[in-house]
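FYI, side chains are in, hydrogens and waters are out, and symmetry mates aren't considered; it's all heavy atoms of this structure. Naming convention: chains lettered A, B, ... in sequence-line order (proteins, then strands); numbering from 1 in each chain. What you see is a predicted model; the values in this text were computed from it and never measured.
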Amino acid sequence: MRQSELFTKTRKTAPKDEVAKNAQLLIRAGYIHKEMAGVYSFLPLGLRVLNKINDIVREEMNAVGGQELTMSVLQNKELWEKTGRWSDEVVDNWFKTQLKNGADTSLAFTAEEPITNIMRDYLNSYADLPKLAYQIQWKYRNEERAKSGIMRGREFLMKDMYSFAGSADEHEKVYEKVAEAYVKIFQRLGIGDRTYRTFASGGVFSKYSHEFQCLSPIGEDTIYVHEGKKIAINKEVLLPEVLGDLGVTQEELVEQKAIEVGNIFSLGTRFSDALGLKFKQKDGSEAAPVMGCYGIGTSRLLGALVEVFADEKGIVWPESVAPFSAHLVAISSGNEDVIKEADRLYELLKDSGIDVLYDDRDVRAGEKFADSDLIGIPTRLVVSEKTMSEGGIERVDRQSGSTGFVQDSEVVQQLQK
RNA sequence: CGGGCCGUCGUAUACCGGUAGUACGCGUGCUUUGGGAGCACGUAGACUGGGUUCAAUUCCCAGCGGCCCGACCA
């Protein structure tokens, strides 16, 4: 797309009401707009990134048999009363409201109740299990205090998947399969090497749950990392018994701050029991499916990627989620030949199926470069009198800053990969 | 939910109990053109409501909004 047509612009100064780096940079670069504390709109650039993150998550969930659906945001109170979670004493961050007829309703912060209820219509037999269903849907939590920019908002996008298995063993297999899918997701997002499967408290039905924690100084969680085993332990369960279970010693662990980018949890039959979800086993007896839930906050992940990769010049996106693959920058100073050449290259890249942002604006070179750094597209292609006289295109890598001269064909080939 | 700080052009900031200034942005013109240009002219502002005062953007109170620390955080 031509940058002159993009309705957003960059700003030089950070908004005074944001302290978090992710929000400052995302607002300065025109990715998001703050509506209220903890509530943000995703602008064209931001939506592109969010969609790419969602696509990666979607692909990996589909690969392990997840089936996508979308559940309503408005909630049926009856379902939540059956599990005891309608109560404000139990769940203190509900957004509750009423229908015109006076009936209570609310905005979903998670979806165990509705998905379990839906499955009552379809899961009848052991032969129907296991099943995995997920959605990528806006969630609402009336946080006492929003903070950390888009990383802890009152409205956020989350992929939430739920599994239904016929036995504890079957559940374990599903659970591990999803855990592996999570590892792949974080690898594809470029944070695999700094994201640890972290043991956390499990609740009634299993000893542990697992969080996926991405190391970052701004993280809200404290974890203890075991480099050798590539695992970590959440501070809240750093106990002798846990160390014993995992076969590690306190001395081997390193304390780190981390951002929780995903979590997986065994639910046992808490929800299937409460909502009456049952299936017939082989011997004709009835049993409740063993459930699991698997969350990834995709809008939080977007913020986490900014936090982890940004440098002093601005955002640095991993290739897998960048809003565009290439940022074509024309330094023309009104020179018609340069404009013609940049236009030609723009068409070539587009025709080759490459997502390109073309800075065709009539502004000075310094402003273009500064904006390009701020926006953070991985590859910058510069066309100017200088590059034309040297017979090529200047290619700049946003992350390393390395530059080189390349020909059209090479660029197309490299970016198509 | 406890504690603290703060609301000034679109953005970022300054000053002040008596005429609200600067930078960026935006508009016009000229010059400039590989790292957020220069000059000139122009555009645009005190969150809301009370109170004190001859006079309030400034002081006081309340509301609304924002940020930070802590608590909380399927």
Using salt bridge (charged side-chain N to carboxylate O under 4.0 Å, His left out), reason through Asp359(A) and Arg361(A) one step at a time and then give a plain yes or no.
CA-CA 6 Å; Asp359(A) 191 348; Arg361(A) 298 174 303 164; 2.9 Å; yes
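When the shell of 6.0 Å around CD of Glu143(A) is examined, it contains more than 12 heavy atoms from other residues, nucleotides or ligands. The environment of Gln137(A) atom CD is dense: over 12 non-hydrogen atoms of other residues, nucleotides or ligands sit within 6.0 angstrom. With a 6.0 Å radius and a threshold of 12 heavy atoms from other residues, nucleotides or ligands, Tyr122(A) has its OH atom at or below the threshold. Annotation for Lys235(A): atom NZ does not count as buried by contact number, only 12 or fewer foreign heavy atoms lying within 6.0 Å. Within a 6.0 Å sphere centred on CD of Glu68(A), heavy atoms belonging to other residues, nucleotides or ligands number more than 12. Heavy atoms of other residues, nucleotides or ligands lying less than 6.0 angstrom from NZ of Lys9(A) number 12 at most.
Between A12(B) and A46(B), the two C1' atoms lie 16 Å apart (nearest whole Å). The C1' atoms of C64(B) and G50(B) are separated by 14 Å, rounded to the nearest whole Å. Rounded to the nearest Å, the gap between the C1' atom of G27(B) and that of G65(B) is 32 Å. Comparing the P positions of G21(B) and C72(B) gives an interatomic distance of 50 Å, to the nearest angstrom. Nucleotides U13(B) and C6(B) have their C1' atoms positioned 14 Å apart, rounded to a whole Å. Across A44(B) and G10(B), the matching P atoms stand 11 Å from one another, rounded to whole Å. Comparing U53(B) with G18(B), their C1' atoms are spaced 12 Å from each other, to the whole Å. A distance of about 25 Å separates the C1' atoms of U57(B) and C68(B), rounded to the whole Å.
One distance of note links CD1 of Ile53(A) with OG1 of Thr298(A); it measures 6.5 Å at 0.5 Å rounding. Between Cys293(A) atom SG and Ile264(A) atom CD1 the span is 9.5 Å, to the nearest 0.5 Å. The line from CD of Glu260(A) to CD1 of Ile223(A) is 10.5 Å long, rounded to the nearest 0.5 Å. Here CZ of Arg152(A) is found 7.5 Å from CZ of Arg300(A). Values are rounded to the nearest 0.5 Å. In this structure, the separation between CG on Leu302(A) and CD on Glu307(A) is 11.0 Å, given to the nearest 0.5 Å. Rounding to the nearest 0.5 Å gives a distance of 11.5 Å between NZ of Lys159(A) and CG of Leu157(A).
Rounded to whole Å, atom P of G70(B) lies 11 Å from atom CZ of Arg152(A). Separating the CG atom of Asp362(A) from the P atom of A37(B) is a distance of 13 Å, rounded to the nearest angstrom. One atom, CD1 of Ile27(A), and another, P of G66(B), lie 13 Å apart when rounded to the nearest Å. Taking atom CD of Glu144(A) as the reference point, atom P of C72(B) lies 11 Å away to the nearest angstrom. Tyr40(A) has its OH atom 11 Å from the C1' atom of C67(B), to the nearest Å. Taking atom CD1 on Ile218(A) and atom P on C68(B), their separation rounds to 11 Å, with Å as the unit. Atom CD of Glu143(A) is separated from atom C1' of C1(B) by 13 Å (rounded to the nearest Å). Per the geometry, CZ belonging to Phe109(A) stands 14 Å off C1' belonging to C72(B), to the nearest Å.
Checking C67(B), A71(B), G35(B) against every side-chain atom of Lys34(A), the shortest atom distance belongs to C67(B). The side chain of Met36(A) lies closest to G66(B) when the candidates are G66(B), U32(B), G35(B). You'll find that the side chain of Asp373(A) is closest to G35(B), out of C68(B), G35(B), C1(B). The side chain of Arg141(A) sits closest to C73(B) out of U33(B), C73(B), G36(B).
The residue among Ser209(A) and Lys368(A) whose nearest nucleotide of RNA chain B lies closer to the 5′ end is Lys368(A). Between Ser148(A) and Ala370(A), the one whose closest nucleotide on RNA chain B sits nearer the 5' end is Ala370(A).
Checked for salt-bridge contact, Glu59(A) and Arg188(A) meet the test: a charged N lies under 4.0 Å from a carboxylate O. A salt bridge is absent between Glu211(A) and Arg197(A); no separation between the charged side-chain nitrogens and carboxylate oxygens falls under 4.0 Å.
Contacts of residues 386-405 of chain A with RNA chain B (heavy atom under 4.0 Å): Lys386(A), Thr387(A), Glu394(A). Contacts between residues 64-98 of chain A and RNA chain B, defined by a heavy-atom separation under 4.0 Å, are made by Arg85(A), Asp92(A).
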Per-nucleotide protein contact string for nucleotides 2-14 of chain B, where B marks a base within reach and S marks sugar-phosphate only (heavy atoms under 4.0 Å, - for neither):
------S--SSS-
Indicate for each nucleotide in nucleotides 21-26 of chain B, in 5' to 3' sequence, whether protein heavy atoms under 4.0 Å reach the base (B), only the sugar-phosphate (S), or nothing (-).
---S--
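If you check every strand for non-hydrogen atoms under 4.0 Å, Ser332(A) touches nothing. Val382(A) comes within contact range of at least one nucleobase, with a heavy-atom separation under 4.0 Å. Contacts of Ala365(A) with the nucleic acid, taken as non-hydrogen atoms under 4.0 Å apart, involve only primed sugar atoms and P, OP1 or OP2. Using a 4.0 Å heavy-atom cutoff across all strands shown, Arg380(A) reaches at least one base atom of the nucleic acid. At a threshold of 4.0 angstrom between heavy atoms, the contacts of Asp371(A) include nucleobase atoms, whether or not backbone atoms are also involved.
Remark: RNA chain B takes part in the stems B:1-7 with B:64-70, B:10-13 with B:21-24, B:25-31 with B:37-43, B:47-51 with B:59-63, each of 3 or more antiparallel Watson-Crick or G-U pairs, criterion distances under 3.5 Å.
Under the 6.0 Å cut-off for aromatic ring centres, Tyr196(A) and His226(A) do not qualify, their centroids lying 6.0 Å or more apart. Here the two rings, on Phe212(A) and Phe186(A), have centers that are under 6.0 Å apart. Between Phe199(A) and His210(A), the distance from one ring center to the other falls under 6.0 angstrom.
By the ring pair (Phe, Tyr, Trp, His ring centres under 6.0 Å) test, Trp80(A) is found to be paired with Trp94(A), Phe109(A), residues two or more places apart in sequence or in another chain being considered.
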